[in-house]
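Numbers restart at 1 for each chain; the letters A, B, ... are given by sequence-line order, proteins then strands.
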Amino acid sequence: MAKYNHREIEKKWQEFWSKNETFKASNNSKKPKYYVLDMFPYPSGSGLHVGHPLGYIASDIYARYKRHKGFNVLHPQGYDSFGLPAEQYAIETGQHPSMTTKENIETYRKQLDKMGFSYDWSREVRTSNPKYYKWTQWVFIQLFNSWYNKNLEKAEDISRLISIFEKEGNTIVRAASDDDVMPFTSDAWKSFSSIKRQEILLKYRLAFLSETEVNWCPYLKTVLANDEIVNGVSERGGHRVVRKKMTQWSMRISAYSQRLLDGLSTIDWPQPLKDSQANWIGRSQGVIIYFKIANCNLKIEVFTTRPDTIFGVSFITLAPEHELVGKITVKAQKEKVERYIEATASRSERDRISDIERVSGEFTGAYAIHPFTDKKIQIWIGDYVLLNYGKGAVMSVPCGDQRDYDFAKYFNISIPNIFENTDISEKAFVEKGETKLINSSFLNGMSYKKAVKTVISELEKRCVGYEKINYRMHDAVFSRQRYWGEPFPVYYVNGMPQMIDEKHLPIKLPKVEKYLPTEDGKPPLGNAEIWAWDTKTNTIVSNDKIDNKVVFPMELNTMPGWAGSSWYFNRYMDVNNDNEFASKESLDYWKEVDLYIGGSEHATGHLLYSRFWQKFLYDRGFVPADEYAKKMINQGMILGRSAFIYVISCKADFNFNYNSLPTVLVSSEVAKELKQNSLETKEELKIKIEKIDAELSNLYCERNKGSDIKVSLDTRVILPIHVDISLVNTSDELDMESFKNWSSEFKDAIFISEENGTFKAKREVEKMSKSKLNVINPDDICEEYGADSLRLFEMFLGPLEQSKPWNTAGISGVYSFLKKLWRLFHSRDVFEVSDSTPTKGERKTLHKTIKKVEEDIESFSFNTSVSTFMIAVNELTALKCNKRAILEPLLVLISPYAPHIAEELWSKLGYKTSISTVTFPKFDAKYLVENTKNYPISFNGKMRFTLNLSLDLSKHEIEKIVMTNEKTQAQLKGRIPKKVIIVPGKIVNIVG
RNA sequence: GCUCAAGUGGCGGAAUUGGUAGACGCGCUGGAUUCAAAAUCCAGUUCUUUCGAGAGUGUGGGUUCGAUUCCCACCUUGAGUACCA
């Protein structure tokens, strides 16, 4: 093998690594541990494109680097294999999702293997594997059997809560749970029936059943997520969607709001990601104020962050769904109010938000009493108030809040001003500065801060309000009406959920004939015939046997996609353990992820839920760390360069056979000209366009005999369509012949190209996706240039965290770098290295490179270290250096980036061991220091001159060298410098 | 609307704490080699220029001996979020 042959080399070493289990991590080692984790992929049917492995390459480089640095590295990979696309495919084809998933995983594995990742595949996880989801079900049971003790700020076993109830009832205990649990004494608890007790406990559990409002599509008989709804109808099919209450499993993530927020300051995650989690949790400090309702015993609780504006309240607005609405609405208003509520219910939450401009509401006819002035205040309902934020009720202060202001203006409600010297005739005054309050009784003359303090103490003194921290984050719905997810280990006795004992897990997914919801709207598992729990035999049995004495119905929902991904990082530590989700020893050894690399799109999904589960597992003593990932990097997206051409068509409003219209395709240049056909168009262009239009008209008329069609600006329609980028060359020219063959739709298409005969496509940078026909398959790149080139190039494209477009043309640079590297070790195609002592210059190149590469890897600037390698190889080539003492350490530096070529050359150097086990070379500054006499000094104005150095010396040493330098002396001409500014390693300024 | 990030050659992008702006690669130009091509190697490549030099990191100010970097205002683009009381 004389020439650099990436195909042979890469195949050879991938087999070697696999056979020797080179990257197998041990759970006990004297080396320090390091855990590098990738976000595991969902194995989709279309396979990987070059955008996917970007983060994997970065983490692989870091993992390999850490091995060189003497760490015991855990670098695993797996698959998040439950999910919707496989289920959708099953609905369409009847193929079982497990089959589709298995096939997709095989494709993924093949693709990943080609890129030379140093994964420990013996630790692979698949969330859809019963051996794995056994433990997902187990975690669910632990959550069910836990409650959140607010006094201790941690989760505890439910048995502890039961013993508290037995001793003292629920009046003293503080738990994170709904406030609507009625208080009871210990005696009362003891007198409750079993069902009543279960009902009460359910309100405390961290996994609990509750009535939740969902987007229900009656036609599809399923619940839709917010992003599956467009303009109030289902994205698929455009069916009506209504908001409906359903009993569903939820996770009490709200209990952890504060801890999830506080934890952010302890972890090294990207700031934008932390910001978006903090924003999602949405902590806001405010006050709850009670407003009595006139002529009855009821009161309204409102949440406000502006208690200082209490004297500006001119009405109260409730969410239409607020429970008091039905109770307080007066007869005369009843009909109107009910109509309004109905109208709101049919609109999804997203709709309400998008319709922000419209003011709507209805007066209930009832009045509240102001807690300080005792004045009567109108109570309205309005859909700008959301039920699930705060208390679902606001005290409306039109002078200080724009929405209240708009509402008041629209319904002609009074707008009293309470801010000194402000104009509120056009809009509300929303600033919280030093403006003094007026018309505010005991708050008069105070500014925002002081008024808030004063009013809170006054509210608390009168027992009409208290300080309260509100969080926007809600409990997370945990039920999905789907088939391809983890089944719940739950059966029902008298309507109350019962956990199946841990020792009978996993509860495997039952077989079903159809993956759609049942006729009567039950989830797909309702189609299963064998889906009942026999409490005698502790097995799943046929539904016929349900007798509600021994055999009971099973839960029909499945868990959501985020269940399996919320704890997988712990499973990698001890993946084959059938007795525990991971052994204590393995958890204590690996503890937490040291570096987590993945996309930021999961900021408020997976990355929040997984932190929640980890904190829960930590509370219950199952894991040793309460944050599972110390450091995280979000890799940017690699974008594709889509190509467009234009279809031109004619809207004709007379008798006309559209089907016989030829497909007329125009190049981007022509399309541009046609679009510019306006009055200002240049004469020359106008003639050209007219010519094209006439040609088109002729063409159309010919195909539609007897018709008379005239194409012009008014009738012309130009639509861009994606074309496969493989049909467009680097000069953006379309290969018209291949395009005709590519799809039967365009077989007879007519092309209108530019005058010189070329047919140019328009390029646009877009997200890489199959539907945009702009994907680049990494397999093709590996075949043509090799995995090492792909790895280097993906890193070279730009900063890891930034989005950047892919451009295959650029890969030749890194490819020729690898060839040059190869040639350093060869003389006339024969492997040859010399054992002679390196020169100072050669050492300088090496140590410069060591320093830079180490700094780059530690700061995740992988792009610049590729440049550094190129410079090093160019310099060594120029020096004709083939010395072992230089090339060996250089190979180690390069091996995390381009492992295959490094291994090959390493073995040619005569080593039997893998280069991955070699220690990273140490940097030696000595060779960077050179004689300052050789450096140019440039006089820069009257005041100063600069001296160029490239040293790694202390400031003091540099100062000494500079000041004694001959040229410095000559330049100074005896003057004494006022100031010497020294920047280590680079430039010296002497201010004269 | 709000929050955050970013604006540097034809292109992707370098530039440490404020210290030679444009590293490295692509592309382009010229040359060597070759019957020719590919491959490889060498030289050049921010703009303007009267070849002296001058201008230049989105725009306008400011701080500094010195600003791509720090401060203020504005413009543009991207991302996230949104009746949050």
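The closest donor-acceptor contact from the side chain of N774(A) to the backbone of A643(A) lies at 3.5 Å or more, if one exists at all. Checked by atom type and distance alone, the side chain of E764(A) never pairs as donor or acceptor with a backbone atom of S642(A) at under 3.5 Å.
For the pair K852(A) NZ and A14(B) P, the interatomic distance rounds to 10 Å; values are reported in whole Å. Remark: P of G1(B) and OH of Y405(A) are 20 Å apart, rounded to the nearest angstrom. Atom C1' of nucleotide A39(B) and atom CZ of F817(A) are separated by 19 Å, given to the nearest angstrom. Look at CD1 on I300(A): it is 19 Å from P on A85(B), rounded to the nearest Å. Between the CD atom of E858(A) and the C1' atom of U16(B) there is a distance of 15 Å, given to the nearest Å.
C84(B) and A73(B) have their C1' atoms separated by 31 Å, with the value rounded to a whole Å. With both ends at atom P, the span from G9(B) to U46(B) equals 13 Å, rounded to whole Å. With both ends at atom P, the span from G30(B) to A38(B) equals 14 Å, rounded to whole Å. A distance of about 10 Å separates the C1' atoms of U77(B) and G58(B), rounded to the whole Å. Using atom C1' as the reference point in both A23(B) and A15(B), the two lie 8 Å apart (nearest Å). For the C1' atoms, the distance linking G7(B) with G13(B) amounts to 13 Å, nearest Å. Across the P atoms, C26(B) and U48(B) are found 24 Å apart, a figure rounded to whole Å.
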Distances under 3.5 Å only, N/O to N/O: pair up the protein atoms with those of nucleotides 10-13 of chain B.
| unit_1 | atom_1 | unit_2 | atom_2 | d |
| --- | --- | --- | --- | --- |
| G12(B) | O2' | L797(A) | O | 2.6 |
| G13(B) | OP1 | Q802(A) | NE2 | 3.0 |

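Base orientation of G54(B): anti, the glycosidic angle falling outside 90° of 0. In this entry the base of G58(B) is anti relative to its sugar, with a glycosidic angle more than 90° from 0.
Proximity note for T864(A) (side chain, C-beta onward) versus A15(B), A85(B), A82(B): the nearest is A15(B). Which of A85(B), C4(B), U40(B) sits closest to the side chain of R823(A) comes down to U40(B). Comparing C83(B), U40(B), G80(B) against the side chain of S816(A) picks out U40(B) as the nearest. Of the candidate nucleotides A85(B), A14(B), C4(B), A85(B) has the atom lying nearest to any side-chain atom of F303(A). Of the candidate nucleotides C24(B), A85(B), G80(B), A85(B) has the atom lying nearest to any side-chain atom of V385(A). In the set C26(B), C24(B), U40(B), the nucleotide with an atom closest to the side chain of K819(A) is U40(B). Closest contact between the side chain of D383(A) and the listed nucleotides A85(B), C83(B), C4(B) involves C83(B). Comparing C41(B), C84(B), C26(B) by their closest approach to the side chain of L386(A) singles out C84(B).
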**Request:** Show the numbers, then the answer: is there a side chain to side chain donor-acceptor pair (under 3.5 Å) between S414(A) and S314(A)?
**Result:** CA-CA 7 Å; S414(A) 69; S314(A) 68; 4.6 Å; no
**Request:** Let me see the working for Y471(A) and S254(A) under side chain to side chain donor-acceptor pair (under 3.5 Å), right down to the final yes or no.
**Result:** CA-CA 8 Å; Y471(A) 298 93; S254(A) 61; over 6 Å; no
**Message:** If you apply the rule side chain to side chain contact (heavy atoms under 4.5 Å, CB included), what do you find for L324(A) with I379(A), and how did you get there?
**Reply:** CA-CA 11 Å; L324(A) 282 175; I379(A) 302 172; over 6 Å; no
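Residue order along RNA chain B, read from the 5' end via each residue's closest nucleotide, puts N874(A) first among N874(A) and R403(A).
Nucleic acid contact class of S812(A) (heavy atoms, under 4.0 Å, all strands): sugar-phosphate only. K274(A) comes within 4.0 angstrom of nothing in the nucleic acid, heavy atoms only.
Using cut-offs of 30° and 60° for the angle between ring planes, the F869(A) and F817(A) rings count as parallel.
Every stem involving RNA chain B, taken as at least 3 paired positions in a row under the Watson-Crick or G-U wobble test at 3.5 Å, is listed here: B:1-7 with B:75-81, B:10-12 with B:24-26, B:27-32 with B:40-45, B:46-48 with B:53-55, B:58-62 with B:70-74.
Aromatic rings from Y785(A) and F793(A) are positioned such that their centres are separated by 6.0 Å or more.
Proximity of I288(A) to F303(A): side-chain heavy atoms (C-beta onward) are separated by under 4.5 Å at one or more points.
Between K851(A) and the choices K848(A), H847(A), E855(A), the side-chain contact (heavy atoms from CB on, under 4.5 Å) rule is met once, by E855(A).
By the ring-ring contact (aromatic ring centres under 6.0 Å, His included) test, Y410(A) pairs with no residue at all, sequence neighbours left out.
No side-chain donor from either of K819(A) and Y815(A) sits under 3.5 Å from a side-chain acceptor of the other.
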